[in-house]
Asker: 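If you scroll down you'll find the structure; I have some questions about it.
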Amino acid sequence: MSQMPSTLFDKVWDAHVVRKIEDGPDVFFIDRHFIHEVTSPVAFLGLENRGLKVMYPEHTFATADHNTPTINQHLPVGDPLSANQLMALEQNSAKYGISHWGLGNPKNGIVHVVGPENGITLPGMTIVCGDSHTSTHGAFGAIAFGIGTSEVEMVLSSQCIMQPKPLKMRINVNGSLGKAVTPKDVTLYIISKLTTAGATGYFVEYAGDVFEKMSMEGRMTVCNMSIEMGARGGMIAPDETTFSYINGRELAPKGAAWDKALAYWKTLSTDAGAIFDKEYNFDAADIEPMITYGTNPGMGMGISQSIPKGIDLKGGTATYEKSLAYMGFQEKDQMIGKKVDFVFIGSCTNGRIEDFRAFASIIKGRKKAEHVTAWIVPGSHIVEAQIKEEGILDILTDAGFLLRQPGCSACLAMNDDKVPAGKYAVSTSNRNFEGRQGPGSRTMLASPLVAAAAAVTGYVTDPRELM
Amino acid sequence: MAYDKFTTLTSSAVPLPIENVDTDQIIPARFLKATKREAFGENLFRDWRYNSDDSPKQDFVLNNPIYSGKILVGGNNFGSGSSREHAAWAIYDYGFRCVVSSFFADIFKNNAINMGILPVQVSPEFLIQIFSAIELDPHTKIEVSLPNQAIVIQSTGASESFEINGYKKNNLINGFDDIDYLQAMKSEISAFATARAV
């Protein structure tokens with residue numbers, strides 16, 4: 001029997017539809033649910049108000065990350081509101097029988113770092129979390145996306161949410177990446193081409209030899225940023241790179257279960273001839289190290305370029321001018337040479353071991369610029385341990401940097417890691433919105449290599465000059 | 001949390017003609033520390049609305065007494081960024097029941113409906129007409145009819161229809177919510193989960 005060619009996305013989506021509602025959403029089954037302290041308390045309150053239980057507590061995993069300090073985690077949390085949220089997560093998890101990796105737990109870290117590194121995230125799964133960067137898990141060939149708190153309550157109480165099926169987009173990047181061009185540059189390049197709303201309504205599959213050759217850490221960086229062009233999520237077909245990353249991780253299937261899972265995972269790719277609603281093709285050779293100059297992630301450019309004129313871009317010039325005024329930049333400015341006050345490496349985008357290896361490759365044998373404050377924040381305790389084992393901590397220390405403890409940190413500045421008003425940060429995180437890293441903060445998004453070059457020179461610097 | 005029913009809303013509107021209004025602007029992360037859904041309206045558009053010393057910024061629309069109403073009209077791509085439902089809570093708690101734009105970010109749109117706020121997507125041309133009508137007369141009334149799926153600018157009589165799926169429309173009109181729907185099909189879900197056995 002011949003079947004219509006199908007996409008990776010269709011295969012995974014269709015396998016999770018419990019019921020199709022006519023002129024409405026699909027009732028969509030969720031395999032894995034991550035929760036954290038900020039977007040879950042009101043969902044648990046909702047359960048209590050309705051007298052509901054958690055249907056499958058073994059499919060939900062809790063970690064504290066958004067609101068945690070990145071120093072002195074052994075001490076009580078100073079901010080009473082943050083402490084209250086952390087306590088609520090711990091108590092709710094205990095009450096309903098949910099695994100909880102709180103502060104101090106050796107498995108604690110950013111939700112989108114700890115899920116994959118412990119083998120919870122697997123190909124073909126549906127994964128949600130009350131956090132838009134849940135798209136990260138798509139790197140494994142899973143359908144993963146962020147949800148609101150009402151939906152967190154739905155998953156807790158019924159293991160399902162109500163979702164209309166998104167349209168399908170494929171983004172192909174082929175060719176060889178140039179010197180110092182990292183997965184972060186690939187994604188910032190794509191978003192600069194599509195704009196911050198260019199993939200809204202779509203679920204993206206990334207394809208082409210650039211992604212095939214990419215490590216799992218790199219694929220996670222790319223899928224993580226899918227939401228920044230409006231896509232609900234992005235995914236990459238699982239392959240040998242995926243399987244060898246998963247194999248042996250603590251909660252990954254073992255023995256006969258592994259063999260069975262692997263056989264299924266190998267079916268998860270887009271068939272030849274499958275149709276996408278939209279398709280883009282990019283040439284890897286066109287991508288250089290990227291940096292953002294404005295107040296959304298679509299406002300990015302090659303580091304050697306100058307800031308475009310608003311009139312040449314899509315969208316209203318008034319909003320564009322407001323954005324540049326906030327940043328204190330002018331049209332046609334060069335980004336290279338701009339003074340940098342803060343450097344942040346970390347987050348669910350670039351807080352994995354490969355990111356710290358890249359950072360260390362540039363700072364080795366150099367010193368932190370005196371006027372730069374640097375926050376070096378691993379994505380998890382497991383990443384932190386790797387940094388120490390591989391000797392990266394020594395390189396950081398010799399160069400005058402301090403390694404902090406894991407958490408979301410300055411990516412959204414809910415804790416004390418805030419960039420002061422008017423100051424400039426080169427950040428490896430995912431959002432450069434107004435005030436994202438603290439009220440009045442000015443963020444330039446970039447890769448760990450660009451962040452390292454800024455950290456040692458104190459100015460926006462082309463990392464290729466330091467390699 | 002079942003919400004208010006939504007049928008027809010006739011109100012003056014507050015114009016915010018800025019594109020890509022992200023949820024970090026709607027409610028900055030530092031105000032997400034509550035464990036209850038209370039008083040988020042105080043911090044709606046916090047950093048656009050208040051100076052760092054908490055004095056109101058006079059040029060921001062929410063501080064201009066000429067503009068008021070239950071409808072917020074935003075520029076293209078409203079609600080991008082973070083999935084924080086707190087953004088919808090803040091808009092609701094402030095008193096808005098409807099947000100109009102020419103384009104919405106996906107997660108925000110879902111969160112709004114789940115909160116009982118109607119997101120109305122209009123054409124870019126109609127959005128300009130709304131902004132112009134409000135500029136001409138800040139008290140001009142906008143009528144949003146969910147049963148008819150139509151939005152009318154009363155001062156000019158201009159109207160346009162908008163899309164919403166039948167399931168969500170029915171929920172909003174009757175005050176039903178997804179959690180009730182899902183609870184009613186628990187045995188079907190449980191059979192599905194057993195068959196998948198992951």
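Values in this document were obtained by computation on a predicted structure and should not be read as measured data. Values below: all heavy atoms of this structure, side chains included; hydrogens, waters and symmetry mates excluded. Chain letters run A, B, ... following the sequence lines, proteins first and then strands; every chain starts at 1.
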Asker: I need the residue from B/Gly75, B/Ser82, B/Ala105, B/Ser80 with the largest number of non-hydrogen atom pairs under 4.5 Å to chain A.
Answerer: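 Of B/Gly75, B/Ser82, B/Ala105, B/Ser80, B/Ser82 has the most heavy-atom pairs under 4.5 Å with chain A.
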
Asker: Can you tell me which portion of A/Leu52 sits under 4.5 Å from chain B's heavy atoms? Options are side chain, backbone, both or neither.
Answerer: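 Only the side chain of A/Leu52 comes within 4.5 Å of chain B.
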
Asker: Under a 4.5 Å heavy-atom cut-off, does chain A meet the side chain of B/Phe103, its backbone, both or neither?
Answerer: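 Contact with chain A is through the side chain of B/Phe103 alone.
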
Asker: Sort B/Ala34 into side chain, backbone, both or neither according to what part of it lies under 4.5 angstrom from a heavy atom of chain A.
Answerer: backbone

Asker: Does the gap between the ring centers of B/Tyr167 and B/Tyr181 come in under 6.0 Å?
Answerer: yes

Asker: Who among A/Gly435, A/Cys160, A/Ala231, A/Gly230 has the most heavy-atom pairs with chain B under 4.5 Å?
Answerer: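 Max contact count across the listed options: A/Cys160.
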
Asker: Just checking A/His112 against A/His133, ring centres under 6.0 Å apart?
Answerer: no

Asker: Surrounding CD of B/Glu188 (heavy atoms of other residues, nucleotides or ligands, distance under 6.0 Å), is the total greater than 12?
Answerer: yes

Asker: With a 4.5 angstrom heavy-atom cut-off, could you sort out which part of A/Thr319 is near chain B: side chain, backbone, both or neither?
Answerer: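 Side chain of A/Thr319 only, per the 4.5 Å heavy-atom cut-off to chain B.
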
Asker: With a 4.5 angstrom heavy-atom cut-off, is it the side chain or the backbone of A/Val27 that approaches chain B, or both, or neither?
Answerer: side chain

Asker: Of the listed residues (B/Asn76, B/Ile164, B/Asn110), which shares the most heavy-atom pairs with chain A below a 4.5 Å separation?
Answerer: B/Asn110

Asker: Does a side chain donor of either A/Gln163 or A/Arg232 reach within less than 3.5 Å of an acceptor in the other side chain?
Answerer: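 There is such a pair (donor and acceptor under 3.5 Å, judged by atom type) between the side chains of A/Gln163 and A/Arg232.
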
Asker: Please flag which part of B/Phe31 lies under 4.5 Å from any non-hydrogen atom of chain A: side chain, backbone, both or neither.
Answerer: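 B/Phe31 has no heavy atom closer than 4.5 Å to chain A.
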
Asker: Looking at chain B, which one of A/Pro41, A/Ser82, A/Gly298 has the largest number of heavy-atom pairs inside 4.5 Å, strictly under?
Answerer: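 Looking at each of A/Pro41, A/Ser82, A/Gly298 in turn, A/Pro41 comes out on top.
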
Asker: I'd like to know which of A/Tyr56, A/Phe145, A/Phe433 tops the heavy-atom pair count under 4.5 Å against chain B.
Answerer: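 So the answer, after comparing A/Tyr56, A/Phe145, A/Phe433, is A/Phe433.
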
Asker: For the candidates A/Gly201, A/Cys129, A/Pro253, which exhibits the highest count of non-hydrogen atom pairs separated by less than 4.5 Å from chain B?
Answerer: A/Gly201

Asker: Regarding A/Glu37 and A/Asn67, is there a side-chain donor-to-acceptor distance under 3.5 Å anywhere?
Answerer: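 Judged by distance alone, the side chains do not pair up.
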
Asker: Checking side-chain polar atoms at under 3.5 Å, does B/Ser123 have a donor or acceptor matched by the opposite partner on B/Glu160?
Answerer: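 Side chains of B/Ser123 and B/Glu160: pair found under 3.5 Å.
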
Asker: Any side-chain heavy atom of B/Phe45 within less than 4.5 Å of one from B/Leu72?
Answerer: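 Touching, per the 4.5 Å side-chain cut-off.
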
Asker: Between B/Lys186, B/Arg46, B/Arg84, B/Lys109, which shows the greatest number of heavy-atom pairs under 4.5 Å with chain A?
Answerer: B/Lys186

Asker: Sub-3.5 Å donor-acceptor pair from the side chain of B/Asn43 to the main-chain atoms of B/Ala90, do we have one?
Answerer: no

Asker: Taking atom types as modelled and ignoring hydrogens, do the side chains of A/Ser323 and A/Thr295 form a donor-acceptor contact shorter than 3.5 angstrom?
Answerer: yes

Asker: Output the option from A/Thr200, A/Leu81, A/Ile227 having the highest count of non-hydrogen pairs under 4.5 Å with chain B.
Answerer: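 Result: the option with the highest number of such pairs is A/Thr200.
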
Asker: Do any of residues 50-70 of chain B have a heavy atom less than 4.5 Å from a heavy atom of chain A, and if so, which, in residue order?
Answerer: none

Asker: For A/Ile147, is it the side chain, the backbone, both or neither that has a heavy atom under 4.5 Å from a heavy atom of chain B?
Answerer: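 A/Ile147 touches chain B through backbone heavy atoms alone.
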
Asker: Using 4.0 Å as the upper bound for N to carboxylate O, is an ion pair formed by A/Arg436 and B/Asp47?
Answerer: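 Answer for the salt bridge query: no.
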
Asker: So for A/His66, is it side chain, backbone, both, or neither that comes closer than 4.5 Å to the heavy atoms of chain B?
Answerer: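 Contact with chain B involves no heavy atom of A/His66 at all.
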
Asker: For B/Ser155 and B/Thr140, does a side-chain donor sit closer than 3.5 Å to a side-chain acceptor?
Answerer: yes

Asker: Using atom types as modelled and distance alone, determine if a side-chain donor or acceptor of A/Lys418 lies under 3.5 Å from a backbone N or O of A/Ala413.
Answerer: yes

Asker: Shortest non-hydrogen contact from B/Phe96 to B/Ile117?
Answerer: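 Closest approach of B/Phe96 to B/Ile117, heavy atoms only: O-CG1, 4.3 Å.
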
Asker: Please check: side-chain N/O of A/Thr39 versus main-chain N/O of A/Gly130, any donor-acceptor pairing under 3.5 Å?
Answerer: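 Yes; at least one donor-acceptor contact below 3.5 Å.
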
Asker: Ignoring hydrogens and geometry, is there a side-chain-to-backbone donor-acceptor pair from B/Ser83 to A/Asp131 under 3.5 Å?
Answerer: yes

Asker: Side chain, backbone, both or neither: which part of A/Asp79 has a heavy atom under 4.5 Å from chain B?
Answerer: side chain

Asker: Which region of A/Ala88, side chain (C-beta onward) or backbone (N, CA, C, O), has a non-hydrogen atom less than 4.5 Å from a non-hydrogen atom of chain B, or is it both or neither?
Answerer: side chain

Asker: Would you mind checking which part of A/Val17 comes under 4.5 Å of any heavy atom in chain B, side chain (CB onward), backbone (N, CA, C, O), both or neither?
Answerer: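 It is the backbone, since no side chain atom gets that close.
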
Asker: By number, which residues in residues 19-30 of chain B have some heavy atom less than 4.5 Å away from chain A?
Answerer: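 Within residues 19-30 of chain B, the residues under 4.5 Å from chain A are B/Glu19, B/Asn20, B/Asp22, B/Asp24, B/Gln25, B/Ala29, B/Arg30.
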
Asker: Within the 3.5 Å criterion, strictly below it, is a donor on B/Asn170 or B/Asn174 matched to an acceptor on the partner's side chain?
Answerer: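 A donor-acceptor contact under 3.5 Å links the two side chains.
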
Asker: Between the side chains of B/Glu143 and B/Gln154, is a donor N or O closer than 3.5 angstrom to an acceptor N or O?
Answerer: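 Short answer, yes.
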
Asker: Please confirm whether the ring centroid of B/Phe108 lies under 6.0 Å from the ring centroid of B/Phe78.
Answerer: yes

Asker: Mind ranking A/Glu151, A/Gln159, A/Glu22, A/Glu228 by heavy-atom pairs under 4.5 Å with chain B and telling me who comes out on top?
Answerer: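 It is A/Glu151.
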
Asker: Please say whether the positively charged group of B/Arg97, taken as NZ for Lys or CZ for Arg, lies over the ring of B/Tyr92, i.e. under 6.0 angstrom from the six-membered ring centre and within 45 degrees of the axis.
Answerer: yes

Asker: Answer with side chain, backbone, both or neither: which region of A/Ala261 has an atom nearer than 4.5 Å to a non-hydrogen atom of chain B?
Answerer: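 For A/Ala261, there is no contact with chain B at all, as no heavy atom is under 4.5 Å.
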
Asker: Given heavy-atom pairs under 4.5 angstrom as the criterion, report whether the side chain, backbone, both or neither of A/Tyr320 touches chain B.
Answerer: neither

Asker: Should A/Asp31 and B/Arg196 count as an ion pair when the cut-off is N to O under 4.0 Å?
Answerer: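 Salt bridge: yes.
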
